[in-house]
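Worksheet: the structure to be examined is printed underneath.
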Amino acid sequence: MKMESFTFCRTVLIFFMFPCVQCSESQTAVFLPEFALSPQGSFMEDATEDHFLTYRYDDQASRMTRSDEDREIGWDAWGTWSDCSRTCGGGASYSLRRCLNGGSCEGKNIRYRTCSNTDCPAESGDFRAQQCSAHNDIKYQGVTYEWVPAPYDPTTPCALRCQAKGRGLTVELAPKVLDGTRCRADAFDMCISGVCQEVGCDRQLASGAREDNCGVCGGDGSTCRLVRGQALPHLTPEQSLKTVLEVPMGSRFLRLNAKGPDMIVIEAVSLQGRKEEAGLQSTGSYVIGNTSLDFQRGNDRQTLRTHGPLGADYIIKIKYGGSKDTVVQFLFYKPIRYQWRETDFFPCSVTCGGGYQLNSAECTDIRSNQTLPEHHCNSYPENTKPTPKLKECNMDPCPESDGFKSVMPHDRFQPLPRWEQGPWTQCSVSCGENGGWQDRSVLCVEEDAHGQFSQVDEWKCTHSPRPVARQICNTFACPQWVAMEWSQCTVTCGRGLRYRVVLCIDHRGQHVGGCQPSLKPHVKEDCLVPVACHKPRESLPVEAKLPWSKQAQELEEHYTATENPTFIPGPWSPCSTTCGPGRQTREVKCQVLLTFTKTEVDLPEEECSGDRPQLERPCNHGPCARATAVRDHGAPLFQADDLHSWDFRGFTACSATCAAGKQTAVVRCVNRKQGEEVDDALCDPSSRPSVMIRICNPEPCPPRCYEGGNHL
């Protein structure tokens, strides 16, 4: 064991140097040999890390680099990403760009990214082994072999070095493995274009992501606890074997030192209860409980190390080896049994054009891998529930032929939880300057595989904003009665009547209903002309007579306006067709007669009583002449003995400007005598020619250009 001295606060301390669990090249980990010892000599669990210190020296701030803007000068935009080199297990994709300065640009014209990072099925095997086995049918020096990957060689990690199975023959069958092949089996680093590229635990190139001491990628160490201590077994020939430490399955970075003559014995117990026991006597590597460990034995000291995680429960015992006591010191990271575990991302919300994916978290017993109620995980304050994560997906544009984003089918994928909105309640007021309120229910719902919806926690819908549950409504002024000016008096002397129009006007200035009838101003009142009448009064008042202009007018249905509001229909329009069935329409108004001025004033329809006359009626000018199409090799193409026939009137515009488009022939009904187009109903539908299509603009399209990484 290497030992170093450090001066700290004028005191010289001795540090036992252990390999750093999560240190970079510029980090040093030191372990203080201060262990907690119980009165009985057994170990004590310490959840703090006060004595496990990590020092980091980072000189990145002193590095001088040219700005990204300077390096981008002279380059065209990056092109689209290529297809992934693999469909699973982690592959590589590349993007190219060209130099616009005649090849004098600074930087590279190619960039890479990882892709297809989901694990391959177990039966697919190792990717490097697949590449070796591809040479089984190819003779090497006249002999065929069954090739398997050769042991890792750090000098050529990305060469396809294979070993003949059952033989000592090792051959480099290819200078480069396929992109996406792991540089070595125990790391995420992958080979791209024959070069080993650093890949973080998040499977992204050069991300720098590392696992914490608990084995969580980019974690904060909250899913495990540091356990350290020492034990004095005090063995005797009568009690020759004693358990000193129990390390549960899943623990990581176990370090154990035993100073003394006694021997270390490990018993591994699997979850199924299968037991395996081994006594560590000689230096070497051991596989116990499906876990590899290194053991070193000196004259008076034994050291046990394993990165883990342990594949079984370790029961570490000490077996009597002499009269001298053995001191056991240990350190390991014990997993918290009940942990929050993030679920996989739900399927993308769309198949193209840019969507999103959301994940969740569930409380899991890491020993049985079973999902439990959330209160089991809430008992560990350091193990906080992760918030849902959201990421973009399927960012490639949709094909032009689609024109829409296709949602993933529900029978194959579970859709994302979504906000379910109920209908708005009726507004508390119908109008008013301050308006009223209306509410609706907003729930986060999730659809199961059977199409049934159930309410879930609202955090599952945080991928989209929560719809509002209350809003202001009807913030406009209420309709009001508006009275027009009075007409002149209906007589030139003495007593008569005068009228005015009163309308219910809303905030938009339109006549509507809704005004209170009791508040409506009156529309008729008496009037007095202060002039003496010198001729005898007529038996009927002037206001009761029909206006002279209407007396001489003969209306189709003999409707005339009177003092009382009346529906007055206008003339019928011409028939919509010149032959066969058609329709006629007319306008109907509510009017009142102002007798003195001989004028008619339009009123709202509700001022008129009685049934409103019909606005539309059928009409028919007799059967239409049938046209017979006659094929002729001259112009026009279609002729007939009758008045109307079908004729070609050119072609539609070409559907494309290059690479072959289509044009459709235009057929219209034509008056043969006048040569003018008429309504298609005048021609015989059965004789209409079939659709004719021709190819246009067959020349190829010019090459496409790049702008901003997208095709134009």
Side-chain angles (χ1 to χ4, degrees), residues 60-61 63-118 127 131 156-160 174-183 187-209 348 350-357 390-403 405 656-659 699-712:
Q60 290 183 355
R63 299 174 185 172
M64 299 298 294
T65 60
R66 183 176 296 184
S67 65
D68 293 339
E69 290 78 5
D70 293 339
R71 288 197 300 269
E72 295 299 316
I73 294 177
W75 287 106
D76 197 359
W78 287 104
T80 57
W81 291 100
S82 68
D83 294 336
C84 194
S85 62
R86 299 185 63 186
T87 57
C88 63
S93 177
Y94 66 86
S95 175
L96 300 173
R97 63 177 177 177
R98 63 176 179 173
C99 180
L100 303 178
N101 290 342
S104 60
C105 299
E106 179 183 353
K108 296 182 179 180
N109 69 333
I110 187 170
R111 61 178 178 174
Y112 297 94
R113 70 177 181 183
T114 58
C115 49
S116 300
N117 289 321
T118 56
F127 192 38
Q131 298 173 56
T156 56
C158 291
L160 183 60
K176 294 190 296 185
V177 292
L178 297 179
D179 289 351
T181 306
R182 297 280 179 89
C183 301
F188 291 107
D189 298 345
M190 68 169 58
C191 295
I192 299 178
S193 191
V195 179
C196 184
Q197 302 281 356
E198 180 184 358
V199 178
C201 60
D202 57 356
R203 299 192 177 186
Q204 301 299 320
L205 284 175
S207 66
C348 191
V350 296
T351 58
C352 60
Y356 52 83
Q357 289 176 284
L390 183 70
K391 69 177 183 179
E392 295 177 332
C393 55
N394 293 344
M395 301 304 295
D396 295 333
C398 295
E400 295 181 0
S401 59
D402 288 355
K405 298 178 182 180
T657 58
C658 58
E699 63 275 2
C701 295
R704 293 188 177 181
C705 300
Y706 286 98
E707 180 175 345
N710 296 320
H711 288 292
L712 293 179

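Worth saying up front: this structure is predicted, and the values here are computed from it rather than measured. Numbers for residues simply follow the sequence, beginning at 1.
Between the CG atom in L390 and the CD atom in Q357 there is a gap of 9.0 Å [rounded to 0.5 Å]. The CG atom of L96 lies 8.0 Å from the OG atom of S82; values are rounded to the nearest 0.5 Å. The CG atom of N109 sits 11.5 Å away from the CG atom of D76 when rounded to the nearest 0.5 Å. Atom CG of residue L178 and atom CE of residue M190 lie 12.5 Å apart, to the nearest 0.5 angstrom. Distance OG1/T181 to CG/D189: 13.0 Å, rounded to 0.5 Å. Atom CD1 of I73 and atom SG of C105 lie 9.5 Å apart (nearest 0.5 Å).
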- Message: Pair V199, Q204 - check side chain to side chain contact (heavy atoms under 4.5 Å, CB included), show working.
- Response: CA-CA 5 Å; V199 178; Q204 301 299 320; 5.9 Å; no

- Test log, rule side chain to side chain contact (heavy atoms under 4.5 Å, CB included), inputs C348 and N394: CA-CA 7 Å; C348 191; N394 293 344; 3.4 Å; yes

- Query: After noting the C-alpha distance and the side-chain angles of S193 and Y112, does the key distance pass the side chain to side chain contact (heavy atoms under 4.5 Å, CB included) rule?
  - Reply: CA-CA 10 Å; S193 191; Y112 297 94; 3.7 Å; yes

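Applying the side-chain contact (heavy atoms from CB on, under 4.5 Å) test to A159 and every residue at least two apart in sequence or in another chain returns T156, R161, E172. In this view, S95 satisfies the side chain to side chain donor-acceptor pair (under 3.5 Å) rule with no residue, not counting sequence neighbours. Scored by the side-chain contact (heavy atoms from CB on, under 4.5 Å) test, C201 finds F188, A209, E211, C217 as partners (sequence neighbours excluded).
Taking every heavy atom of both residues into account, G200 and S207 meet most closely at CA-OG, 3.5 Å. What you find for S85 and G180 is that their closest heavy atoms are OG-N, 4.3 Å. Here the shortest heavy-atom pairing between E106 and W75 reads O-NE1, 2.9 Å.
The sulfur atoms (SG) of C196 and C158 lie 2.5 Å or more from each other. A disulfide bridge does not connect C183 to C191: their SG atoms sit 2.5 Å or farther from one another.
In this structure a side-chain-to-backbone donor-acceptor pair under 3.5 Å is missing from T118 to C88. A donor-acceptor pair is defined here as one N or O able to donate and one able to accept, closer than 3.5 Å; no such pair exists between the side chain of T114 and the backbone of G91.
Side-chain contact between W81 and C115 is absent, with no heavy-atom pair separated by less than 4.5 Å.
Surrounding CG of D202 are more than 12 heavy atoms belonging to other residues, nucleotides or ligands, all under 6.0 Å away.
In this structure, R86 is positioned above the aromatic face of F127, its NZ or CZ under 6.0 Å from the six-membered ring centre and within 45° of the axis.
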